[in-house]
Amino acid sequence: MRHNRRLTRHTRTVAATLACLLLASCSAGSLATGSAGNSRNTLTIGLAAEPANLDFTKTEGAAIPQALLYNVYENLVKLDQSARIRPGLARSWSLSKDRKTYTFQLVKDARFSNGAPFTAEDAKFSIERVTSDWTLVQKSQMDVVDTVRAVSPAELKVTLKRPSNDWLYRMTTRVGAMFSRTGVSKLATEPVGTGPYVVKRWNRGDSITLSRRDGYWGREPHFASVVLKYFKDPTAMNNALLTGTIDVIGAMQTPDSLYRFENNPKYKVIEGTTNGEVVLSLNNGSGPLRNPKARQAVRYAIDHKALVDTCWGGRGKLIGSMVPPTDPWYQNLTNMYPYDRGKARKLLEESGQAGRTLRLRLPTLPYATACGTVVKSQLEQAGFKVKLDQLEFPAAWLTTVFKNADYDMSIIGHVEPRDMQAVFGNKTSYTRYDNPEFRALLKKADQGTQEEQIISLRAAARLLSKDAAADWLFLLPNLMVADKDVTGLPVNNVSESLDLTGLGRS
Amino acid sequence: MIVRLVQRIAILLASLVVSSVLVFAFMAVLPGDPARVVLGTSASDAAVAQLRGEFGLDRPLVDQYLSWVHGLVTFDPGNSYISHTPIGPQIADRLQVTLWLVGTGMVVACILAFPLGILMAVRHRRPSGLILSALSQVGVAVPAFLAGILMITVFAVEFGWLPANGWTPPVEDPVLFLKQLLLPALSLGVVQGAVLTRYVRSAVLDVLREDYLRTARAKGLRPTRALLRHGLRNAAVPVVTVLALQLATLLVGSVVIERVFVIPGLGSLLLDSVSNRDLVVVQDVVVIIAMAVLLVNFLVDMVYLLIDPRLRVGAS
């Protein structure tokens, strides 16, 4: 009986607790109803990869500049939607006759979010800090800088060791971000920039909230806050838009599911271009594809149109080399190796590699796994033997394919802007492409006039394609889906930033 | 009693040591270099080597293991390789979320399993009992993530009653919190509940056949009252065991459910950290989960002693 009494007492306690909880949630609920939900002052954008921290001077990854560049931090110069260099914190700039000295005229009324004014001294500090404090690989892009001089608070002179067209372009990327001399102590959690937004909140594993900043020197953004919400699973992101949790899918990972939005008057689908060349990388340094004829056979054997239709919903542009259409030296090279299975077979026979098995080692990424099986079957129809391996991305793929070049073929989207040099201009890169003529063209392009740059890079891209250094499957499209009334979305994804400054609602 | 307690604690500690060694060993043989993942595609070999030095990855494995365990024991697990921020607070945040999920899932499972299980046992020869039994069998066969996807499709996307995903802390917006918690907790709870129902049913059935229950009924107690008064306590022993084991399944199930419902819990942290080779975080999270499971088993043993006096006598 004693036990029984104890039991009843317990039951009572439990019941009382439950009742309290229920009451609490009800009363709190009635208070909170007003503030819940998406107001018209907030825009929520769904994205795939979350930043590891907020310090892109010490941490790799595209997600940090995607969220912060142009929004929280600003550069002297920025890229517009057509990938042209435009004024940012520099109103204008000029280049000396020897093409070595840039003089920037800076805006006068810009302030950092910690209250400090932005001056040429901050610009000098930011540029010099790249070489001294950054631990990122991209810091080498500033090696070409010889001296930086703050002539006056609003004038900055940068002298290079040798002429470089690439340097000004790189100033539009993260290495050109402007930092406050008094605001770099807690970059990983509290970024301080001159941009229209500040980081208000970061729920790790979930979202980053940017809020509009009072006293911004430029045009005030429309939304009081923009929430960047992160989804590992593309289906979950689609569902979030369908149920109103988010307003925009910033990067659609599953083109096959676009039909759910395309015929629905509530949404609009936006398709632009990116810098993401999906490359069928070939190992030029060892194995069967060291033989140029075998590589050419691969290029003839692939029916690119059919491939994109099958594995990426027909979205994506065929490019034929390592240059996206938004670069000034783009040319359509898709006809260099038109699909021809007969020619592929013949070249494979001539190469003497016909009996050997090619290891197609794929990273576990949506486009790679989807397109890998198509590549395999197309190559097999042309007489190749292909063995398909899946490697976990990033860790296993980076070590096996990227570092050790222990592969014959792989598929990866090279999304970094202007990356022809990084992928093919160095014989130790994982493609192991080694052609002195190609490297000479790249060098000439960087040091010559803008016209020479265009001519040389066109020649370089053509040479790369002719050598069949790789096969270019397609260019990743920038696919966004948004509520019908959202305006000003960046259609082309051409810079490292997801530029939120032009967003609005109609 | 005390002998038994000491015995159990010793086993608990030994299991913890063994599981930590296993976790560490598995992480050590996993292909992929953390330093290279951190530095990305354009890193030089020298930079990678330097970072390996900073992480201590170039030290002997035994050293690495010992300093990791030292960090754990002193409650200072150090910094994440990827975010360079302290791991402790991050795990604490995520753990809270997962506890809500697992806790509610467990409550849902119990609410479903006890009444239904008893009903199924009492009516085991009647059609209603058989139908319930068949339904629970379906529940057992459905994995939690599938239940979750189905619920999202129906209740969120089609009807628009509840959010498809997301997580809001209860202090911030209790209503939204409950709305967001409901579907994931149901997906976990219904499946676990179905499993549990079957155990409750068979435990109650066993008890119904016992002599003492027949005696109780012979004394004039009605069947239900006899069961509630004398039967349930005895049926509870096997059910509590299963309940404890289910907690482990729930924890594991929540890893997948967190991914389906985009919930920033321990499971999401674990998955992200594995693919980023954030080894310290992975090791810490796995050890915490292992610890939770071992601790629950330990507590179950203690609860046995409390509910079943026979065990107490047997031990001392």
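Contact count versus chain A (heavy atoms, under 4.5 Å) is highest, among B:V262, B:L162, B:D93, for B:V262.
Rounded to the nearest 0.5 angstrom, B:R277 CZ and A:L398 CG are separated by 10.0 Å. Interatomic distance, A:T135 OG1 to B:L51 CG, rounded to the nearest 0.5 Å: 8.5 Å. One finds the OG atom of B:S83 at 10.0 Å from the CG atom of A:L54 (value rounded to the nearest 0.5 Å). Distance CG/A:N404 to CZ/B:R36: 8.0 Å, rounded to 0.5 Å. Atom-to-atom distance recorded for B:F155:CZ and A:T243:OG1 is 15.0 Å, nearest 0.5 angstrom.
For A:E416, the part lying under 4.5 angstrom from a heavy atom of chain B is the side chain only. Within the 4.5 angstrom heavy-atom criterion, only side-chain atoms of B:I152, from C-beta onward, approach chain A. A:K58 touches chain B through its backbone: at least one of N, CA, C or O sits under 4.5 Å from a heavy atom, while the side chain does not. In this structure, the portion of B:D45 lying under 4.5 Å from any heavy atom of chain A is its side chain and not its backbone. Residue A:Y430 does not touch chain B at all, counting heavy-atom pairs closer than 4.5 Å. For a residue to count as touching a neighbouring chain, one of its non-hydrogen atoms must lie under 4.5 Å from one of that chain's; by this rule B:V260 touches chain A with the backbone only. Looking at B:Q90, only its side chain comes within 4.5 Å of chain A, counting heavy atoms on both sides. The contact between B:A156 and chain A is made by backbone and side chain atoms together, counting heavy-atom distances below 4.5 Å.
Taking every heavy atom of both residues into account, B:R259 and A:D233 meet most closely at O-CB, 4.4 Å. Shown here for B:G32 and A:T399, the closest heavy-atom pair between the two residues is CA-OG1, 3.3 Å. Across every non-hydrogen atom of B:W167 and A:D206, the tightest pair is O-OD2, 4.3 Å.
In this structure the side chain of A:K232 never reaches within 4.5 angstrom of the side chain of B:E258, judged on heavy atoms. At a threshold of 4.5 Å between non-hydrogen side-chain atoms, the residues B:T85 and A:R204 count as touching.
The closest donor-acceptor contact from the side chain of B:N165 to the backbone of A:A236 lies under 3.5 Å.
Residues of residues 108-115 of chain B placed with any heavy atom under 4.5 Å of a heavy atom in chain A are absent; none qualify. Listed in order of number, the residues of residues 264-272 of chain B that approach chain A to under 4.5 Å between heavy atoms are B:P264, B:D272.
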